[in-house]
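To start, the structure itself, in structure tokens.
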Amino acid sequence: MGVITVGEVLRRASEFECRLMNFYLDLAEHATREGVRLLTDYMARHRQRLAEALERFPEQEYRRISELPIRYEPASIDDSCFEERELPPDATAADVLDKAVELDECLVALYRHVLQQETDPAVRDLFESLVRSEEKDEIRLKKIKAMNYF
Amino acid sequence: MVFLLPILVFAGLLVGLTVALSVAERVLINYGVCKIDINRGDKILEVDGGQTLLSALNESKVFIPSACGGRGSCGHCKITVRAGGGPVLPTETPFLSRAQVRAGVRLACQVKIREDIEITIPEDLLNVQMFTAEVATTRLVTHDIVEVLLALKEPAEISQRPGQYVQLQAPSPEGPVYRAYSISSPSYEKDTVELIIRLVPGGIGSTYAHNLEVGDATVLTGPYGEFRLSEDPDVELVCVGGGCGMAPMKNIIYTVYERWPDRKCWLFFGCRTTSDIFYLEEFQELARKHPNFRVVYALSDPLSPEERWDGETGFVHLSVDKHIEPGGAKRSAFLCGPPPMIEAVMKVLADKGFTPEDIFYDEF
Amino acid sequence: MGEISPFVILIAAIFTNNILLANFLGMCSFLAVSKEIPTAAGLGAAVIFVMTATTAINFGVYHHVLVPLGLVYLQFIVFIAVIAAFVQFVEMFVERFSLHLYHSLGIFLPLITVNCAILGVSLFMIIRKYTFAQSVAFGFGGGVGWTLAIILIAGLRQKMRYSDVPRPFRGVAIAMIITGVMAMAFMGFAGMVRIQ
Ligand SMILES: Cc1cc2nc3c(=O)[nH]c(=O)nc-3n(C[C@H](O)[C@H](O)[C@H](O)COP(=O)(O)OP(=O)(O)OC[C@H]3O[C@@H](n4cnc5c(N)ncnc54)[C@H](O)[C@@H]3O)c2cc1C
Ligand code: FES
């Protein structure tokens with residue numbers, strides 16, 4: 001366990017988002033089903049929750065909180081989440097959406113880990129809003145799945 | 001006795017403290033009567049302070065849309081607070097853009113009334129009423145989509161515009177919840193409300209709707225929604241729906257042909273297989289009567305050997321691309337379906353010369 | 001203990017026997033909320049209020065209920081119940097009259113319930129056999145002392161944002177160190193008055 005700052009956690013989260021985006025782009029490229037291609041292409045372009053949340057945050061405040069230390073290092077999220085999440089090129093849209101929800105859960109787990117600790121109220125606000133927007137996204141994915149369009 | 005005394009003393013103490021606290025709550029959390037000023041004096045309500053804005057408005061028969069029952073998770077209850085709402089809470093920020101925060105947009109279910117408050121809401125919301133209704137008919141139109149016709153009882157008539165929706169009340173273990181459903185019956189049929197509802201596995205509202213039987217009593221509020229159909233008969237209409245996004249379009253089309261029998265209108269509808277198709281015959285019938293009405297259904301899944309289909313294939317935005325002529329004629333579009341579909345169709349329409357103001361959409 | 005004047009106890013509780021700097025009670029909320037002076041002052045005011053009032057109530061409960069009935073061993077649980085109820089009351093009060101403070105205190109307001117300084121003051125009053133006037137003075141002084149300490153630290157921590165603290169010491173670590181230094185500084189008051 002090392003000391004880690006809020007900025008570092010945010011950097012890891014944004015790396016994860018990037019990876020997620022590439023994951024979708026990759027699916028979009030190789031998918032054999034037109035619907036999956038359309039869907040993943042859309043998902044890749046709308047995977048910027050973190051940037052959106054940070055945009056709402058005043059610049060100065062952001063600089064202050066990214067310096068703050070976090071007591072317990074969050075469980076690392078990178079590899080374990082993508083393992084066993086390889087999708088075959090002929091996956092259906094429903095499979096893709098299910099995976100997407102699981103991957104969102106990985107991010108939520110990271111954010112929750114920060115929230116379990118005693119932190120600065122501004123950090124708390126930021127991470128709470130991140131958790132909420134991920135949860136919102138999960139609902140959106142489930143809705144798309146339920147519409148049974150792709 | 002040895003055990004009884006301490007227990008009695010401690011219990012007595014707790015009861016005393018609880019009573020004292022309840023009294024304090026009465027006195028302290030009593031914000032007295034606060035005023036809600038709606039739309040700069042259009043309507044002034046006097047409500048008890050201490051409750052949320054959403055429940056205070058609902059109590060005073062001003063119905064704000066809400067799907068999550070005030071838990072701050074649906075984001076439907078947005079209104080503009082001009083004065084007296086307190087700071088924006090962390091529970092609200094995920095639903096508000098920066099511009100909205102600056103403009104004073106808030107989630108009504110999160111704002112607690114502690115003082116006089118001034119709000120702005122769309123004019124239409126003041127006309128929203130709560131209806132009781134009885135189920136007149138139900139019909140499964142595909143394996144998972146039901147069409148429910150509700151006969152209004154009290155009030156007996158609704159005045160709605162095509163594209164608007166109602167909120168149907170459904171019971172849940174945590175009290176009643178509301179779910180939005182577009183009105184599919186044409187606006188000239190004032191004593192009924194027809195809804196087209198797809199079953200969401202495990203969904204509270206849609207399961208309730210699918211289990212409704214003829215004669216059941218229901219409660220709904222409405223109408224909501226700001227879409228306004230262009231009144232100019234020369235404006236060509238383009239409706240595009242996908243998945244179960246059919247209800248508002250049905251309302252628009254029937255209303256249009258009641259008023260303007262020769263108006264130009266397109267209906268594009270995308271679904272996956274022949275078993276998802278519904279209302280095709282009704283619309284083809286309508287198209288025979290009104291030659292300017294054109295119906296295009298598109299199937300996106302590859303056809304299985306036993307399916308017979310002579311319509312379009314592929315995703316619906318491709319059909320739109322194929323049939324709609326580019327050009328600057330006066331046109332307006334109404335889209336309804338999952339967000340990726342809406343995005344794809346918007347792009348096609350933009351290429352055809354539609355401006356963003358010409359396009360209206362509902363994301364289900 | 002009847003002979004010490006309440007005023008002396010008040011001064012002693014603030015300076016020489018500062019509950020935070022001499023007894024190191026109430027550290028958790030102290031570390032969490034000592035970042036901004038206004039919030040610290042707000043929490044301090046709430047603590048003063050709760051401490052004074054709960055010592056008075058607990059004094060009454062202890063001497064007029066628990067002692068006559070021979071239930072002195074119930075003191076811990078009873079004191080905690082009284083404190084919890086009282087904090088609820090303060091919470092309502094703050095929500096009503098200072099929304100801004102209510103939002104900036106956030107979770108820390110209910111956390112006063114488990115602020116050990118408050119329970120500590122009530123227990124000290126019993127151990128040291130204070131009279132009613134002495135207890136109230138001790139409770140009030142304890143609260144003022146705690147507030148004084150938290151405001152001082154908050155001021156230091158605000159200043160410290162501009163200083164280059166070595167990385168391993170940032171945050172709570174350096175706050176503990178300055179608290180220690182401050183405690184030593186407060187030892188300078190030791191000759192002033194003496195209780196216990
Ligand atoms: C303006 C508007 C108009 C609408 N019109 C119609 C209509 O005409 N016909 C129609 O069938 N529906 C329509 N909807 C969607 C409808 O309001 C409900 O969201 C949907 O029926 C699901 O509600 P539920 O109570 O069954 O599911 P819930 O109990 O809310 O949710 C069950 C599960 O599904 C997920 N979920 C949440 N919302 C949806 C959703 N919309 N779709 C799929 N899964 C979801 C949840 O995350 C949850 O896991 C409309 C929505 C809006 C905002
Ligand atoms: S009612 Fe759902 S967010 Fe307010």
Side-chain angles (χ1 to χ4, degrees), chain B residues 1-34 47-53 56 72 81 83-93 96 101 104 106-107 109-118, chain C residues 36 38-39 42 46 49-50 53-110 112-113 118-119 122:
Chain B
M1 188 57 209
V2 172
F3 299 111
L4 206 56
L5 186 65
I7 292 174
L8 279 183
V9 169
F10 190 60
L13 186 85
L14 288 190
V15 170
L17 289 173
T18 315
V19 170
L21 270 184
S22 323
V23 172
E25 185 164 2
R26 275 282 168 76
V27 180
L28 274 182
I29 305 296
N30 186 351
Y31 292 87
V33 174
C34 301
V47 300
D48 289 333
Q51 49 184 338
T52 66
L53 190 52
V81 175
V88 177
L89 304 179
T91 41
E92 298 174 70
T93 42
L96 305 175
V101 171
R106 304 287 303 270
L107 295 186
C109 65
Q110 301 298 308
V111 176
K112 204 165 168 189
I113 302 181
R114 298 191 167 89
E115 53 190 325
D116 290 356
I117 195 167
E118 291 174 33
Chain C
E36 311 274 343
T39 329
F49 187 54
V50 174
T54 52
T55 33
I57 301 173
N58 283 340
F59 185 91
V61 172
Y62 183 80
H63 287 286
H64 300 291
V65 181
L66 298 187
V67 173
L69 295 175
L71 297 176
V72 176
Y73 57 87
L74 275 185
Q75 57 172 308
F76 283 86
I77 186 165
V78 165
F79 287 177
I80 288 175
V82 168
I83 292 170
F86 202 76
V87 168
Q88 285 284 308
F89 171 73
V90 174
E91 196 177 351
M92 284 184 221
F93 193 80
V94 174
E95 183 182 357
R96 179 78 173 96
F97 292 106
S98 171
L99 251 198
H100 179 74
L101 186 60
Y102 181 72
H103 285 299
S104 54
L105 288 181
I107 180 71
F108 297 116
L109 202 48
I112 298 185
T113 313
I118 295 182
L119 181 63
S122 286

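Throughout, a chain's letter reflects where its sequence line sits, starting with A, and its residues are numbered from 1.
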Under 4.5 Å from a heavy atom of chain B, the part of [X] involved:
X	result
C:V65	side chain
C:Y73	side chain
C:L74	side chain

**Request:** Grab the two heavy atoms, one from C:F89 and one from B:L21, that are nearest each other, plus how far apart they are.
**Result:** N-CD2, 3.8 Å
**Prompt:** Nearest heavy-atom pair of B:E25 and C:M92: which atoms, and what distance?
**Reply:** CA-SD, 3.5 Å
**Prompt:** Can you name the side-chain hydrogen bond (donor to acceptor under 3.5 Å, both in side chains) partners of C:Q88, sequence neighbours left out?
**Reply:** none
**Prompt:** Taking only residues two or more places apart in sequence, or in another chain, which ones meet B:E92 in a side-chain hydrogen bond (donor to acceptor under 3.5 Å, both in side chains)?
**Reply:** B:R106
**Request:** Give a yes or no on this: more than 12 heavy atoms of other residues, nucleotides or ligands lie within 6.0 Å of atom CG of B:L8.
**Result:** yes
**Residue-level contacts of residues 53-64 of chain C with chain B, using a heavy-atom cutoff under 4.5 Å** = C:V61
**Prompt:** Do any of residues 11-18 of chain B come closer than 4.5 Å to chain C, heavy atom to heavy atom, and if so which ones, in number order?
**Reply:** B:L13, B:L14, B:L17
